[in-house]
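Beneath this line is the structure, given in structure tokens, with notes to follow.
From a predicted model like this one, the values you see are computed outputs, not experimental measurements. Proteins come first, then strands; the chains are lettered A, B, ... in the order of their sequence lines, and each starts at number 1.
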Amino acid sequence: MKIFSESHKTVFVVDHCPYMAESCRQHVEFDMLVKNRTQGIIPLAPISKSLWTCSVESSMEYCRIMYDIFPFRKLVNFIVSDSGAHVLNSWTQEDQNLQELMAALAAVGPPNPRADPECCSILHGLVAAVETLCKITEYQHEARTLLMENAERVGNRGRIICITNAKSDSHVRMLEDCVQETIHEHNKLAANSDHLMQIQKCELVLIHTYPVGEDSLVSDRSKKELSPVLTSEVHSVRAGRHLATKLNILVQQHFDLASTTITNIPMKPTFSVFDQEEQHANTSANYDVELLHHKDAHVDFLKSGDTHLGGSSREGSFKETITLKWCTPRTNNIELHYCTGAYRISPVDVNSRPSSCLTNFLLNGRSVLLEQPRKSGSKVISHMLSSHGGEIFLHVLSSSRSILEDPPSISEGCGGRVTDYRITVVPLASVIVKESLTEEDVLNCQKTIYNLVDMERKNDPLPISTVGTRGKGPKRDEQYRIMWNELETLVRAHINNSEKHQRVLECLMACRSKPPEEEERKKRGRKREDKEDKSEKAVKDYELEKTWQDLERLKGILERGKEELAEAEIIKDSPDSPEPPNKKPLVEMDETPPVEKSKGPVSLLTLWSNRINTANSRKHQEFAGRLNSVNNRAELYQHLKEENGMETTENGKASRQ
Amino acid sequence: MPTVVVMDVSLSMTRPVSVEGSEEYQRKHLAAHGLTMLFEHMATNYKLEFTALVVFSSLWELMVPFTRDYNTLQEALSNMDDYDKTCLESALVGVCNIVQQEWGGAIPCQVVLVTDGCLGIGRGSLRHSLATHNQRSESNRFPLPFPFPSKLYIMCMANLEELQSTDSLDCLERLIDLNNGEGQIFTIDGPLCLKNVQSMFGKLIDLAYTPFHAVLKCGHLTADVQVFPRPEPFVVDEEIDPIPKVINTDLEIVGFIDIADISSPPVLSRHLVLPIALNKEGDEVGTGITDDNEDENSANQIAGKIPNFCVLLHGSLKVEGMVAIVQLGPEWHGMLYSQADSKKKSNLMMSLFEPGPEPLPWLGKMGQLGPISDAKENPYGEDDNKSPFPLQPKNKRSYAQNVTVWIKPSGLQTDVQKILRNARKLPEKTQTFYKELNRLRKAALAFGFLDLLKGVADMLERECTLLPDTAHPDAAFQLTHAAQQLKLASTGTSEYAGYDHNITPLQTDFSGSSTERM
């Protein structure tokens, strides 16, 4: 695993001499007439690409695949050669994208067929390529700086892909010699420079391309070592799609890619929202999509020699593709898969409808599990396609037996029998132990307390363990009582630290739903509680009311982050118990359940109106009539009755009840 | 890391060893003694290790398939018969098959080969195998290197002098070399006796089977843990960074993140994190896991009742649906999470990310992660309704940016058809029409495919003549304008063929209020 292998630096040298303006002699029909509206019209004549166009679009496709799969650390330098060398970009990461290259190519334009062929040569480009290989990349620089005295460990290797139209085998030889000589010279220069690096290894890939139908004047030659620094190979390729196929094969070889074909992709109308207008009547068919990715995603197949999975690639390219079956995702459930590798992908046919349907589906955040077609019929999920922030990855899932199977459960181990891991009142618990508190700390503590009040008011269960407790365990109000006592003990232990600690205690005491004396009484006899309930009601209402007011007052300040606070505040722990039924304790106001029966028949409406009334009452002096009213009715002209010495009959005050 | 014990049961293993006392030992007895020691060690300190036992002579046999039942392994040791000659290659092929069938090709395995250093004679002998090593085809490949990550430990029931007197040692060293140097040869120091065999196996245990103990820390909460299987050292890049990285024994939790945000990350390996109770001397008392042994049982029961941070952490992560990010070393992180197996048992698990500042592209640099409170605004939103993850890459990938590829004619045809379809719906589709037109124009300019621009211009002009009488007058204007602009671009002159130049719709006004047109 080397970062600075040959594929760290790729130089494209594309011939821009007049000859490249020639047609590749492969026609493209672009005027596809639609039925039933074009009777009597002759379609426009097909056009053909030039050798230049074929070379450029094939090399762009090479770059597209490379950038998709290796957006970093694999760099391209694009050089165009005619009467001189035009270096279209640099090694910097900002220059490494298709848009930049396309814009630069557009600026160069197609070769001028009327230029003087004598002045033009691919040699200019090759010399520039060697020069550029000596230039240090950001990554090399960073690694050298980091390694200091071991800087020489940073390698400088590269690859030159030269697309040209050569005249003969001896012409090719001449080009190779030129590259070798140039490397020799530039290495001498680089030896005496801080900014340049000597080329340790250069792979020259010469592609001779010529119009379809012509005979090649250059013969293929596999990789050959010309010197310890330079290897060279020659490919003689017809232009048009043949050239594109060749570069597709090369990008796979150069970057250790492999191909996976996703099969059985259902494309239903709801699914293929990509382009409504291209919909045809019969869209419910299953499609295949071929993806390229690093070959390590196939590590399990490669090692086990499981070749029966592969069929030959649809493109007829040299490599086999491995077929994996689409498993329609059931839900969007969030699960942590055991994933041994994740590799970026690039669709072979990026703009085809099946490809874009698949990629759009994934980019929208869905994941797809992939299944190995097995002869035995057993279902083995071995991969997953998933996007992360606009990038699609092929995840390798472990499909073999786990060496960690049947582990001892955590509940059987150390601390596993402890069931009441304390409710952690965060941040109060961590804050209160500090020697001094800031205003913010106090606010945080109060926030915590109010949230607990809120939970108790709504009768939310305290998320504590039920494991190990027999039966139903303590009742909910009992749980709250224990919690409040613990909290009080904790805070009391620190009140001597500062006045601010004292304030936290005050807040706590003010918020406790029951006064301490009552607590004591409750401890003495819980059974009597129900009977006493009515008499306690007044006190409770008062307490509740007060709590509410405090809460509301604070809500304004603390609205932010409240919900997550309620969540984060109480960390429950018990290994095997189910999650608390109400994971989000904070529900909307109008969902607030009525207060528990034992606390008296106080409805939400009552609570609400009491609160409104209290708030309103502060704003003005209460009408004497309302103050003296019974059931909100004030008898008018009472004085008349009194004067008349008559008893009231309609509004018997409290005495009536 | 499962273990395969490969035991030589050829006749040479029955050679007697002269030992003190009356009883007569054979080499196979010494071997069995050493293995017994290894199995006993595993049964107490490494009890989750799966071990298989293979015996071989000219043939090989899987005596005990992978198991954690060390009694079975022990029993098998005492039931071994003697067979004919040593044939190591076929045994190693057998190991390949057994491991791959059970664990696939990704799980590292340790192979413990126990032999006396007599490497067989004739065909199938190691000498013969090595001599023919360079004449192999893919179908009869030599089994080394193993097709899975591996360590090959060769336990010789012979001392160094004996092995050096023949070329045995050289041959065995070749084996390790062939396994990419992964492994080691152990020989008996001094005379062949039980004691020296013990010390040899002791070295193996020290090297390969000592449990990895660590302290899990989170703020001021800590727990002593055993990490199983042992995390192996990792080499990032042999050239730049050849020193194997080893994980810290202080495992510090540096943060927590939602499972949805970490999103099934790729990991190097995963390990159980088992809380352990240590006594004052720092010796392990037990993992708290129930055992048959009675003394241990009570110790474990006590340990079970002492609150442990691992249990708290595990429960919290499980309830919250989060993972804890743990620092394994400089620029090296992992994650802790709750893992439930099928039987509803669950456990604290740790997975190791690849070392480096940015192991997961969708989280960005680990060093830049921080507490929510550090952010100006809560990155998760006030209602916890959003997430800062995954990070968006700076450049979109080709499949996310509607690139133009015309390598197949169908790609080109589709793009032309799109323009044509929109052309027929002018003026309603003016915007889309020009958008598609400009996309085609840009690509044609970049590819130097000027003939296409001319061709499409001709096509648009023809469309203009085919417009029905009912067509909106604007359609004709726009088509003519677009065709004209494409023709200008097809000249390639810089004035009209600028890559960043866009053809804009012709400004027309058919409202009747004005007769002036641009």
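Atom NZ of B/K396 has 12 or fewer neighbouring heavy atoms from other residues, nucleotides or ligands inside a 6.0 Å radius.
Of the possible donor and acceptor atoms, one in the side chain of A/S50 sits under 3.5 Å from a partner among the backbone N and O of A/T53. Counting only distance, with no hydrogens or angles, the side chain of A/D31 and the backbone of A/P43 share no donor-acceptor pair below 3.5 Å. Although no hydrogens or angles enter the test, the distance criterion places a donor-acceptor pair under 3.5 Å between the side chain of A/Q140 and the main chain of A/G155. Using modelled atom types, no side-chain atom of A/N248 and backbone atom of A/A244 make a donor-acceptor pair closer than 3.5 Å. Between the B/N347 side chain and the B/M349 main chain, no donor and acceptor come within less than 3.5 Å of each other. Within the 3.5 Å criterion, the main-chain N or O of B/D261 finds no donor-acceptor partner in the side chain of B/D258. No side-chain donor-acceptor contact under 3.5 Å links A/E335 to the backbone of B/S264. The main-chain N or O of B/E102 is never found under 3.5 Å from a side-chain atom of A/R401 such that the two would form a donor-acceptor pair. Judged by distance alone, with hydrogens and angles left aside, the side-chain atoms of A/D68 form a donor-acceptor pair with the main-chain N or O of B/S398 at under 3.5 Å. Between the side chain of B/E49 and the backbone N or O of B/R68 there is no donor-acceptor pair closer than 3.5 Å.
Looking at A/E94, only its side chain comes within 4.5 Å of chain B, counting heavy atoms on both sides. Using a 4.5 Å cut-off between heavy atoms, B/V416 touches chain A through its side chain atoms alone. Looking at A/Q26, there are no atoms closer than 4.5 Å to chain B (heavy atoms on both sides), in backbone or side chain. Within the 4.5 angstrom heavy-atom criterion, only backbone atoms of B/M1 (N, CA, C, O) approach chain A. For chain B, the nearby parts of A/I392 are the backbone and the side chain; heavy atoms of each come within less than 4.5 Å. Contacts between B/Y337 and chain A at a heavy-atom distance below 4.5 Å involve the side chain alone, from C-beta outward. Proximity to chain A (any heavy atom under 4.5 Å) is shown, for B/L268, by neither the backbone nor the side chain. Contact of A/Y343 with chain B is not made at all, since no heavy-atom distance falls under 4.5 Å. Both the backbone and the side chain of B/F228 come within contact range of chain A, each with at least one heavy atom under 4.5 Å from a heavy atom of that chain. With a 4.5 Å cut-off on non-hydrogen atoms, B/V323 touches chain A through its side chain but not through its backbone. Contacts between A/F30 and chain B at a heavy-atom distance below 4.5 Å involve backbone atoms as well as side-chain atoms. Of the two parts of A/A103, the backbone and the side chain both hold a non-hydrogen atom closer than 4.5 Å to a non-hydrogen atom of chain B. Contacts of A/L363 with chain B are made by side-chain atoms alone, with heavy-atom separations under 4.5 Å and no backbone atom involved. At a 4.5 Å heavy-atom cutoff, the contact between B/L450 and chain A is made by side-chain atoms alone. Interface residue B/K394: only side-chain heavy atoms are found under 4.5 Å from chain A. Proximity to chain B (any heavy atom under 4.5 Å) is shown, for A/H337, by both the backbone and the side chain. The part of B/N395 that comes within reach of chain A is its side chain, from C-beta onward, which places non-hydrogen atoms under 4.5 angstrom from that chain. Residue B/H220 does not touch chain A at all, counting heavy-atom pairs closer than 4.5 Å. Interface remark: B/L412 contributes side-chain atoms only to the contact with chain A (heavy atom separation under 4.5 Å). Heavy atoms closer than 4.5 Å to chain A are found in the side chain of B/Q401, but not in its backbone. Of the two parts of A/S48, only the backbone, made up of N, CA, C and O, holds a non-hydrogen atom closer than 4.5 Å to a non-hydrogen atom of chain B. Only the backbone of B/L391 comes within contact range of chain A, with at least one heavy atom under 4.5 Å from a heavy atom of that chain.
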Practice problem: Go through the steps for A/K49 and B/D451 under the test salt bridge (Lys or Arg N to Asp or Glu O under 4.0 Å), then give the verdict. | Solution: CA-CA 8 Å; A/K49 298 169 184 172; B/D451 283 354; over 6 Å; no

Exercise. In sequence, state the C-alpha distance, the side-chain angles, and the governing distance for A/S386 and A/H395, and then conclude on side-chain hydrogen bond (donor to acceptor under 3.5 Å, both in side chains).
Key: CA-CA 7 Å; A/S386 184; A/H395 291 249; 4.6 Å; no

Exercise. Please report the C-alpha distance between B/F449 and A/W52 in whole Å, then the side-chain angles of each, then the deciding distance to 0.1 Å, and finally whether the ring-ring contact (aromatic ring centres under 6.0 Å, His included) criterion is met.
Key: CA-CA 9 Å; B/F449 197 4; A/W52 165 258; over 10 Å; no

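Interface remark: of the candidates A/G109, A/G341, A/P407, A/P407 forms the most heavy-atom pairs closer than 4.5 Å to chain B. The greatest number of non-hydrogen atom pairs below 4.5 Å with chain B, out of A/H388, A/E391, A/R153, A/R64, is found for A/H388. Counting heavy-atom pairs under 4.5 Å between each of A/I69, A/L98, A/I345, A/L243 and chain B puts A/I345 at the top. With respect to chain A, the highest number of heavy-atom pairs below 4.5 Å among B/W406, B/Y399, B/Y499 belongs to B/Y399. The choice from B/V403, B/L48, B/D458 that makes the most heavy-atom pairs within less than 4.5 Å of chain A is B/V403. For the set B/A223, B/G219, B/P361, B/S338, the count of heavy-atom pairs under 4.5 angstrom toward chain A peaks at B/P361. Taking A/M384, A/R344, A/E405, A/Q93 one by one and counting their heavy-atom pairs under 4.5 Å with chain B, the maximum is reached by A/E405. In terms of non-hydrogen atom pairs under 4.5 Å with chain A, the most contact-rich of B/G455, B/G411, B/S410 is B/G455. Considering only heavy-atom pairs separated by less than 4.5 Å from chain B, the leading option among A/L404, A/V350, A/N150 is A/L404. When A/V56, A/V154, A/N97 are compared by the number of non-hydrogen pairs under 4.5 Å with chain B, A/N97 comes out ahead.
The closest side-chain donor-acceptor pair between A/S355 and A/S352 falls under 3.5 angstrom. Judged by distance alone, the side chains of B/S269 and B/H271 do bring a donor and an acceptor atom under 3.5 Å apart.
For B/R270, there are no salt bridge (Lys or Arg N to Asp or Glu O under 4.0 Å) partners at least two apart in sequence or on another chain.
Ring-centre distance between B/W103 and B/F66: below the 6.0 Å cut-off.
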